[in-house]
Amino acid sequence: AIADSYPRSYEQIVKLRSLQEIQDFSDHHEVGADAVEDWRRRLEVAAPKSAIPLVTVRLAIARLAGDRVLEGRLLLDVGRRARKNGRFHIATNSLIRADNSFNLAKDVTTISDFSELRLERAKLHYRVGDSSLALRLLHLGEFESITAIESTDEAKAEAARRASSIFNMTDKSMNDDEALDLYIHAGMKSIKWMVDDGLK
């Protein structure tokens with residue numbers, strides 16, 4: 001009887017937590033950074049089965065708040081978790097929806113969000129056996145060609161050009177120093193994953 005009652009009790013606790021999150025949004029009409037961090041911590045310790053209703057409620061809150069970036073990040077996390085659990089259809093659908101949310105909020109979505117989405121898509125393609133497409137998604141060009149440029153300004157400009165191409169930036173949304181940092185960060189994360197997973 002105890003073994004049967006624990007899952008039921010846990011499920012009720014999750015429902016109460018979701019109701020509390022809805023009440024918090026109703027009181028403040030926004031989702032602050034502290035609330036998002038609390039969401040993340042709770043989701044990390046939630047049982048996989050309980051994570052689904054939690055995220056569903058949070059997606060509804062994000063939509064009510066008109067926060068497309070938060071919606072995209074939640075969907076990206078759903079896609080990541082689904083990929084890790086081998087639920088590739090759910091992962092694919094979630095990443096497509098995340099991309100749509102980010103693009104609807106393109107003016108406020110960070111380049112880091114697009115970078116994370118691109119990397120997650122590559123990981124998904126790799127998991128389903130399409131390693132060649134995974135590599136194409138991560139293609140940042142040859143690093144050696146940038147290091148061979150003697151002029152620092154020209155190297156930064158080239159990094160900015162590549163970053164604009166990779167992340168589909170049509171406007172001057174960052175300066176060359178920021179583009180260089182982004183290019184290096186994205187490259188290092190991609191290379192680390194490829195090495196760790198034996199992709200290259």
Side-chain angles (χ1 to χ4, degrees), residues 25 30-31 33 35-37 39-40 43-44 46 48 51-141 159-174 178-179 181-194 196-197 199-200:
F25 172 70
E30 64 177 3
V31 183
V36 173
E37 179 60 22
W39 286 6
R40 185 190 64 78
L43 198 60
E44 284 181 352
I52 297 173
L54 275 173
V55 172
T56 300
V57 168
R58 291 169 183 180
L59 282 169
I61 291 174
R63 181 64 64 88
L64 287 170
D67 193 334
R68 291 289 187 176
V69 176
L70 175 58
E71 183 180 345
R73 289 171 181 170
L74 289 168
L75 288 164
L76 177 58
D77 190 56
V78 171
R80 181 182 297 112
R81 290 170 179 274
R83 171 184 59 78
K84 290 181 177 180
N85 290 319
R87 305 175 73 177
F88 302 134
H89 178 71
I90 294 175
T92 300
N93 183 56
S94 297
L95 295 181
I96 290 172
R97 291 175 61 196
D99 188 38
N100 289 338
S101 295
F102 286 151
N103 279 301
L104 285 170
K106 205 164 188 177
D107 292 341
V108 291
T109 300
T110 68
I111 299 302
S112 177
D113 289 322
F114 284 115
S115 177
E116 289 292 333
L117 177 60
R118 190 181 188 90
L119 180 60
E120 192 54 46
R121 277 180 159 169
K123 290 182 177 183
L124 177 59
H125 283 294
Y126 177 61
R127 282 293 306 275
V128 299
D130 195 347
S131 57
S132 60
L133 180 54
L135 283 170
R136 287 199 298 275
L137 281 169
L138 294 176
H139 179 62
L140 302 177
R161 185 191 66 78
R162 293 187 187 184
S164 296
S165 174
I166 292 164
F167 301 110
N168 299 318
M169 295 183 299
T170 56
D171 59 342
K172 191 68 174 177
S173 54
M174 59 183 170
E178 292 170 331
D181 288 341
L182 170 66
Y183 181 76
I184 292 172
H185 177 71
M188 292 300 100
K189 285 189 69 173
S190 300
I191 290 171
K192 181 181 185 303
W193 170 63
M194 287 189 287
D196 289 347
D197 280 46
L199 189 57
K200 251 191 172 181

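Here the straight-line distance linking atom CD1 of I61 with atom CZ of F25 works out to 7.0 Å at 0.5 Å rounding. Separation of atoms CZ (R68) and CG (L75) is listed at 10.0 Å; rounding is to 0.5 Å. The distance from the OG1 atom of T92 to the NE2 atom of H89 is 7.5 Å, given to the nearest 0.5 Å.
Taking every heavy atom of both residues into account, L70 and W39 meet most closely at CD2-CZ3, 4.0 Å. Across every non-hydrogen atom of L95 and G79, the tightest pair is CD2-CA, 4.2 Å. Taking every heavy atom of both residues into account, G72 and A98 meet most closely at O-CB, 3.5 Å.
By the salt bridge (charged side-chain N to carboxylate O under 4.0 Å, His left out) test, D77 pairs with R80, R81, sequence neighbours left out. The side chain to side chain contact (heavy atoms under 4.5 Å, CB included) test applied to A35 returns V31, not counting sequence neighbours. For R83, the salt bridge (charged side-chain N to carboxylate O under 4.0 Å, His left out) partners are E120, not counting sequence neighbours. Checked against side chain to side chain contact (heavy atoms under 4.5 Å, CB included), A51 has the following partners two or more places apart in sequence or in another chain: L43. Contacts of R40 classified as salt bridge (charged side-chain N to carboxylate O under 4.0 Å, His left out), with partners at least two apart in sequence or in another chain: E37, E44. Listed by chain and residue number, nothing satisfies the side-chain hydrogen bond (donor to acceptor under 3.5 Å, both in side chains) test with N85 (two or more places apart in sequence, or in another chain).
Between R58 and E71 there is no side-chain heavy-atom pair separated by less than 4.5 Å. Side-chain atoms of D99 and R121, non-hydrogen and from C-beta on, do get closer than 4.5 Å to each other.
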